[in-house]
Amino acid sequence: MKIHLTSVFVDDQEKALRFYTDVLGFVKKHDVPMGGEDRWLTVVSPESPDGPELLLEPDKHPAVKPYTTALAEDGIPAASFAVDDVRAEHARLRGLGVHFTQEPLAMGPVTTAVLDDTCGNLIQIAHSE
């Protein structure tokens with residue numbers, strides 16, 4: 001068994017696509033109209049184009065807003081992405097205007113930082129020593 005697809009709820013799929021591709025560096029894999037404004041919109045790592053996909057899922061279900069709001073208010077990331085060097089990635093993203101809610105923090109063998117994806121989520125970046 002392996003992870004094929006996971007999702008983050010986003011308040012604007014087009015804005016999310018720009019952020020996740022232009023800023024974070026993912027690449028669009030699927031963009032299928034689902035009727036109305038909604039799309040089946042996934043991104044993948046350019047390092048693993050056939051690997052796990054991240055669905056940028058519309059946040060229209062009534063349970064989503066209370067859930068994502070509570071996570072963000074409590075500082076809990078909706079997802080975690082691996083990077084080679086958190087401090088270098090933090091500096092790169094900060095230079096692109098990304099807002100961080102947690103600066104790079106070493107916790108034993110793991111270093112993390114948490115950013116705001118501009119679409120309703122906190123996202124953790126992490127690397128292990």
Side-chain angles (χ1 to χ4, degrees):
M1 189 177 304
K2 61 184 177 179
I3 296 171
H4 168 69
L5 177 83
T6 191
S7 64
V8 291
F9 293 108
V10 298
D11 58 13
D12 181 322
Q13 285 186 299
E14 191 58 39
K15 180 173 75 170
L17 179 62
R18 285 191 307 271
F19 184 83
Y20 280 80
T21 57
D22 297 346
V23 177
L24 296 185
F26 291 102
V27 294
K28 180 171 59 173
K29 177 129 185 193
H30 295 288
D31 189 351
V32 179
M34 299 299 290
E37 298 176 7
D38 295 342
R39 298 144 60 184
W40 181 262
L41 183 59
T42 67
V43 295
V44 294
S45 169
E47 299 168 12
S48 185
D50 295 320
E53 297 176 46
L54 179 66
L55 175 64
L56 304 177
E57 188 165 0
D59 67 356
K60 294 187 174 125
H61 188 281
V64 172
K65 287 285 190 190
Y67 170 72
T68 56
T69 299
L71 287 180
E73 286 176 355
D74 288 345
I76 299 171
S80 182
F81 303 140
V83 297
D84 291 333
D85 182 334
V86 167
R87 293 184 194 290
E89 191 65 12
H90 171 267
R92 182 186 79 80
L93 293 172
R94 175 88 60 193
L96 293 172
V98 173
H99 171 71
F100 280 81
T101 61
Q102 178 201 302
E103 298 297 310
L105 177 64
M107 297 176 285
V110 177
T111 300
T112 66
V114 178
L115 61 96
D116 181 337
D117 78 350
T118 74
C119 304
N121 302 292
L122 297 179
I123 302 295
Q124 177 177 270
I125 57 174
H127 80 259
S128 298
E129 303 294 328

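Excluded from the calculations below are hydrogen atoms, water molecules and symmetry mates; all remaining heavy atoms, backbone and side chain alike, are included.
In this structure, Arg87 CZ and Thr111 OG1 are separated by 5.5 Å, a value rounded to the nearest 0.5 Å. Taken to the nearest 0.5 Å, the CG atom of Asp85 stands 5.5 Å off from the NE2 atom of His127. Atom CG of residue Leu24 and atom CD of residue Glu89 lie 7.5 Å apart, to the nearest 0.5 angstrom. For the atom pair CD (Gln102) and OG1 (Thr112), the distance works out to 4.0 Å, reported to the nearest 0.5 Å. Note that CD of Glu57 and NZ of Lys60 are 11.0 Å apart. Values are rounded to the nearest 0.5 Å.
Side-chain contact between Arg94 and Glu103 is present, with heavy atoms from C-beta onward closer than 4.5 Å. When side chains are defined from C-beta on, Leu54 counts as touching Thr6, because their heavy atoms get closer than 4.5 Å. For the pair Leu56 and Phe26, the minimum side-chain heavy-atom distance is 4.5 Å or more. In this structure, the side chains of Val44 and Asp50 stay at 4.5 Å or more apart for every pair of heavy atoms. Looking at Val98 and Val23, their side chains come closer than 4.5 Å, going by heavy atoms from C-beta outward.
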For the pair Leu17 and Val43, evaluate side chain to side chain contact (heavy atoms under 4.5 Å, CB included) and give the outcome as yes or no after the intermediate values. CA-CA 8 Å; Leu17 179 62; Val43 295; 4.0 Å; yes
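The neighbour count for Glu47 CD, taken as heavy atoms of other residues, nucleotides or ligands under 6.0 Å away, does not exceed 12.
Closest approach of Lys15 to Cys119, counting heavy atoms only: CE-SG, 3.9 Å. When all heavy atoms of Val8 and Tyr20 are compared, the closest pair comes out as CG2-OH, 3.8 Å. Closest approach of Pro104 to Val86, counting heavy atoms only: CB-CG1, 4.0 Å. The two residues Thr68 and Gly120 come nearest to each other via the heavy atoms CB-O, 4.1 Å.
Residue pairs meeting the side chain to side chain donor-acceptor pair (under 3.5 Å) criterion with at least one member in residues 21-30, sequence neighbours excluded, do not occur.
Note on Leu5 and Met34: same hydrophobic cluster, where clusters join Ile, Leu, Val, Met, Phe, Trp and Tyr whose side-chain heavy atoms are under 4.5 Å apart, directly or indirectly. The cluster map of Ile, Leu, Val, Met, Phe, Trp and Tyr, joined by side-chain heavy atoms under 4.5 Å apart, puts Phe19 and Leu41 in the same cluster. In this structure, Ile123 is a member of the same hydrophobic cluster as Phe100, with clusters built from ILVMFWY side-chain heavy atoms closer than 4.5 Å.
No donor-acceptor pair under 3.5 Å is formed between the side chain of Gln13 and the backbone N or O of Asp38. Distance alone, capped at 3.5 Å, places no donor-acceptor pair between the Asp11 side chain and the Asp59 backbone.
With sequence neighbours left out, the ring pair (Phe, Tyr, Trp, His ring centres under 6.0 Å) criterion links Tyr67 to no other residue.
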Show which side-chain atoms of residues 69-83 pair as donor or acceptor with protein atoms under 3.5 Å away, not counting sequence neighbours.
from: Thr69; atom 1: OG1; to: Lys65; atom 2: O; distance (Å): 2.7
from: Ser80; atom 1: OG; to: Gln124; atom 2: NE2; distance (Å): 3.0

